[in-house]
Engineer: 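Once you've had a glance at the structure underneath, I'll fire off some questions.
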Amino acid sequence: MTEFISIRGARENNLKDVTLQIPKRKLTIFTGVSGSGKSSIVFDTLATEAQRQLYENFSLFIRNFLPKYPQPDADAIENLTMAVIVDQKRLGGGSHSTVGTVTDIHGVLRLLFSRVGKPSAGGAIAYSFNDPRGACPDCNGLGKKVGVVSDDFLDMSKSLNEGAVQVPFFNDWDVQAYTLSGFFDNDKKLSKFTKDEMELLLHGKDRKFKAQFGGKTINLTYAGVIAKIERSYVQRDIKTLSERTQKAVMPYLKPRECPSCKGARLNPAALASKINGHNIAELSSMEVGELLKVVRAIKEPKAGPIVNALVERLQAIVDIGLEYLSLDRETDTLSGGESQRVRMVKHLGSSLVDVMYIFDEPSVGLHPRDVHRLNELLGKLRDKGNTVIVVEHDPAVIEAADHIVDVGPGAGRSGGTIVFEGTYEKLLKSDTLTGRHLTQALPIKKDVRKPTGQLRIKNARANNLKSISVDIPKGVLTAVTGVAGSGKSSLINDVFLVQHPDAIVIDQSAVGTSTRSNPATYTGVMDDLRKAFASANKVDAGLFSFNSKGACEACNGSGVVYTDLSFLDAFKSPCEVCQGRRFKDDVLAYKLDGKSISDVLAMTVAQAVELFQKRKEIVRKLQAMHDVGLAYLTLGQPLSTLSGGECQRIKLASELHKDGSVYVMDEPTTGLHMSDITHLMGIIDRLVDGGNTVIVIEHNLDVIRSADWIIDLGPEGGSKGGEVIFEGTPAELVKAKRSLTGQYLR
Ligand code: ADP
Ligand code: ADP
Ligand code: ZN
Ligand code: ZN
């Protein structure tokens with residue numbers, strides 16, 4: 001008999017009394033246009049309530065110290081179990097957090113070395129770079145040390161006498177030491193220095209010399225330019241230097257490989273310990289696909305169970321399409337999609353059952369070829385006895401679901417209802433936006449645009465790129481495709497954007513960090529609103545700023561107050577003084593077209609466009625938001641509540657008016673429903689028709705079919721990728737035999 005999680009009368013955000021049953025221990029997909037209310041159900045209702053119920057289990061004493069976790073606005077939510085949310089937040093964690101540490105695989109590997117590594121360095125801790133007993137003492141296990149990397153401070157066309165040493169924070173005395181030392185020909189241009197002379201000038205140390213100064217002979221110790229900078233400015237706490245000196249020194253410093261451990265992070269004893277000729281650092285730097293082969297070849301009987309545990313976890317990484325990563329890869333260099341999949345591996349290894357796992361678009365960054373692997377992993381989690389809930393738009397993931405919930409029909413106020421519940425077969429026959437889009441793919445574009453020129457990329461070698469050269473056509477839409485890890489971001493972000501720094505990057509990173517930024521301030525429409533309020537009421541425009549004397553003093557105009565709790569996320573609650581209205585009562589008495597400033601901030605973009613029809617400047621700025629599919633956002637919604645996809649679209653809205661520019665977007669379809677994508681393509685087409693060049697990194701087949709030009713990288717990820725497999729039009733790509741992307745277009 002199927003059990004259900006049941007929600008009755010849910011009203012968070014735009015939800016219209018949603019009543020819903022979600023089958024337990026099944027895979028359920030939530031889909032629907034962006035802004036329809038999927039997150040309001042899954043995150044703001046289900047996950048929040050699960051969290052609250054978890055807190056209820058704490059003793060009364062502990063709960064005294066906890067925030068009252070807000071009860072979601074719903075009549076009843078029943079039959080919940082513990083929720084684990086696996087979203088796209090990037091895995092931060094600094095240098096000490098790697099793919100190996102967050103998946104716990106590094107721990108298993110250390111255990112293996114402590115049992116069968118020869119010679120043994122000790123217990124598992126002796127192989128840990130996160131413990132002083134294993135870490136390289138020189139870099140404290142970071143593998144990197146800050147050092148002087150630049151030699152900008154030498155003018156090679158000058159001699160020492162002509163002032164070749166130009167370190168802005170050296171005093172005269174420091175500089176004169178080089179000419180006084182007697183070690184150099186002071187009239188010889190640096191460009192003519194031999195290797196040894198250069199080495200001495202930069203790195204020499206501990207050599208004594210005598211110098212004549214002010215009629216006296218003094219004994220001095222020589223230090224090369226870099227040696228001196230390191231000793232005087234790097235090896236001491238930078239905070240003891242004056243702020244001015246800190247600013248001057250910083251440009252010359254960069255982390256570089258630790259000279260003692262060569263980046264391996266461990267002390268010599270740990271590095272000397274080997275299994276089948278490899279030390280633990282070497283194994284950690286291999287691509288997981290390779291590492292799996294090496295681990296499988298370990299035949300020591302003593303190691304049997306540990307090897308099996310390792311194989312199982314490494315296989316999970318391979319299965320999810322991340323075989324091109326290495327265990328020592330720092331997690332803060334992973335993309336959002338990669339971070340989510342890495343965390344998924346960790347949960348697969350967990351022995352918890354009857355958990356509600358919630359995923360947010362796990363297909364992001366995955367090539368169509370690899371989506372089935374994701375489906376298999378979601379299925380495995382379910383088959384362990386868990387309820388798996390996924391917010392997703394990818395047709396291939398939707399097809400794998402046991403149960404589908406389609407939220408809609410529109411976004412914001414036109415959404416918030418359940419338009420379909422049931423199986424994939426039934427969805428295909430249903431008359432909903434999702435049902436209709438699933439049964440019709442966009443055609444392959446035939447009448448492609450003619451380029452107006454070329455943007456060259458020469459000998460790109462970043463990460464796995466095999467010294468490739470490609471031309472990106474100007475004045476058209478180019479899609480860069482290929483499986484995850486094939487080198488798309490390396491080519492575009494690490495090479496193209498460096499060579500063409502004037503390009504406009506529209507990415508998914510957060511917009512604005514201030515708690516007071518919102519769509520009105522971001523688009524500049526807040527300025528127009530302030531002026532309009534001022535002239536309508538004959539008062540000062542400043543009154544209507546969040547940081548003016550017109551703002552509520554209790555919350556500084558943010559409408560919310562934050563309570564800091566040391567061991568939890570800061571807890572947010574509406575300001576009691578202004579009830580979240582952000583301004584003082586006398587300011588709220590001033591009206592524009594019948595609305596107070598607080599009323600206006602609570603309106604959606606769509607409503608504001610309608611109300612302010614006659615105010616051209618306001619409508620013009622809001623129209624751009626409308627055009628990128630964000631009409632459902634309210635003007636005062638904090639930007640910190642926007643998803644990655646929404647951040648990307650709001651940036652697009654604010655850049656739309658520029659002509660003759662180069663735009664770069666990384667998976668602009670993230671968070672978009674199939675019907676939103678049609679809309680996005682319309683905007684991109686208008687950008688290109690306006691004389692701009694647009695480059696998108698994409699996996700979405702509809703976008704690829706609608707591009708003018710495609711650059712397909714591959715054939716695989718990591719060391720097996722980094723080549724150009726195909727350059728041409730979509731119609732040609734369909735015929736390209738070697739291209740995986742071509743196969744999926746067919
Ligand atoms: P989806 O997940 O389907 O994209 P959401 O549930 O995020 O949709 O949003 C549904 C509606 O609720 C949208 O109009 C959105 O702008 C609004 N909304 C979401 N979060 C907030 C919030 N924290 N404050 C105000 N409005 C919100
Ligand atoms: P794609 O964008 O096609 O998914 P990437 O350009 O991100 O591929 O990655 C190409 C290769 O370079 C992969 O092997 C990846 O692991 C590696 N790589 C990417 N970024 C980094 C980084 N910051 N440090 C080390 N390796 C990286
Ligand atoms: Zn070191
Ligand atoms: Zn307040």
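Start at 1 and go down the list; that is how both ligands and their atoms are numbered.
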Engineer: Does V483 have a non-hydrogen atom less than 4.0 Å from ligand 2?
Structural biologist: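 Distance cut 4.0 Å: V483 passes for ligand 2.
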Engineer: Would you please indicate if the ring centroids of F129 and H106 are separated by under 6.0 Å?
Structural biologist: yes
Engineer: Side chain or backbone, does K488 bring an N or O within less than 3.5 Å of an N or O on ligand 2?
Structural biologist: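 Yes, since at least one N or O of K488 sits under 3.5 Å from an N or O of ligand 2.
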Engineer: Please compare A484, G722, S489, G718 and report which has the shortest non-hydrogen distance to atom 14 (O) of ligand 2.
Structural biologist: G718
Engineer: Going by heavy atoms in the side chains, are D702 and M681 under 4.5 Å from each other?
Structural biologist: no
Engineer: Given the Zn ion (ligand 4) as the apex, I'd like the angle to SG of C555 and SG of C575, rounded to 10 degrees.
Structural biologist: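 Between SG of C555 and SG of C575, the angle at the Zn ion (ligand 4) is about 110°.
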Engineer: I need the nearest protein heavy-atom contact for atom 5 (P) of ligand 2: residue, atom name and distance, please.
Structural biologist: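 For atom 5 (P) of ligand 2, the nearest protein heavy atom is S490 OG, 3.6 Å.
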Engineer: Who's the nearest protein heavy-atom neighbour of atom 12 (O) of ligand 2, and how far?
Structural biologist: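 Of the protein heavy atoms, N463 CB, 3.1 Å lies nearest.
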Engineer: Roughly how far apart are I697 CD1 and T478 OG1, rounded to 0.5 Å?
Structural biologist: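 Between I697 CD1 and T478 OG1, I get 12.0 Å after rounding to 0.5 Å.
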Engineer: Could you see which bit of L713 sits under 4.0 Å from ligand 2, with heavy atoms only: side chain, backbone, both or neither?
Structural biologist: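 Neither; no heavy atom under 4.0 Å.
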Engineer: With a distance cut-off below 6.0 Å to the six-membered ring centre and an angular limit of 45° from the axis, does R582 pair with F546 as a cation-pi contact?
Structural biologist: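 Yes, cation above the ring, under 6.0 Å and within 45°.
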Engineer: Could you tell me if any non-hydrogen atom of S486 lies under 4.0 Å from any atom of ligand 2?
Structural biologist: yes
Engineer: So, S363 and E392: side-chain donor and acceptor under 3.5 Å apart, yes or no?
Structural biologist: yes
Engineer: How close does the nearest protein non-hydrogen atom get to atom 17 (C) of ligand 2, and which residue and atom is it?
Structural biologist: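 Nearest protein contact, heavy atoms only, for atom 17 (C) of ligand 2 is R329 NH1, 3.8 Å.
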Engineer: Which bit of E287 gets closer than 4.0 Å to ligand 2, counting heavy atoms only: side chain, backbone, both or neither?
Structural biologist: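 For E287, there is no contact with ligand 2 at all, from either part.
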Engineer: Picking from L310, L292, V345, V295, what satisfies side chain to side chain contact (heavy atoms under 4.5 Å, CB included) with Q315?
Structural biologist: L292
Engineer: Looking only at protein heavy atoms, identify the closest one to atom 23 (N) of ligand 2 and say how far it is in Å.
Structural biologist: T333 CB, 3.4 Å
Engineer: Please report, to 10°, the angle around the Zn ion (ligand 4) from atom SG (C552) across to atom SG (C578).
Structural biologist: 110°
Engineer: Using a strict 4.0 Å cut-off to heavy atoms of L325, name the atoms of ligand 2 that fall inside it.
Structural biologist: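 In order of numbering, the contacting atoms are 16 (O).
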Engineer: Identify, for atom 4 (O) of ligand 2, the protein heavy atom at the shortest distance, and state residue, atom and that distance.
Structural biologist: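 Protein heavy atom with the smallest distance to atom 4 (O) of ligand 2: G485 N, 2.7 Å.
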Engineer: Do F544 and F583 make the cut of ring centroids closer than 6.0 angstrom?
Structural biologist: no
Engineer: Would you give the length of the straight line joining atom CG of L652 to atom SG of C647, rounded to the nearest 0.5 angstrom?
Structural biologist: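 Taking CG in L652 and SG in C647, the distance rounds to 12.5 Å.
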Engineer: Does the side chain of R110 come under 3.5 Å of the side chain of S114 through a donor N or O and an acceptor N or O?
Structural biologist: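 S114 and R110 do not have a side-chain donor-acceptor pair below 3.5 Å.
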Engineer: How about Y590 and F533: are their ring centres within less than 6.0 Å of each other?
Structural biologist: no
Engineer: Looking from the Zn ion (ligand 3), what is the angle between SG on C136 and SG on C261, to the nearest 10°?
Structural biologist: 110°
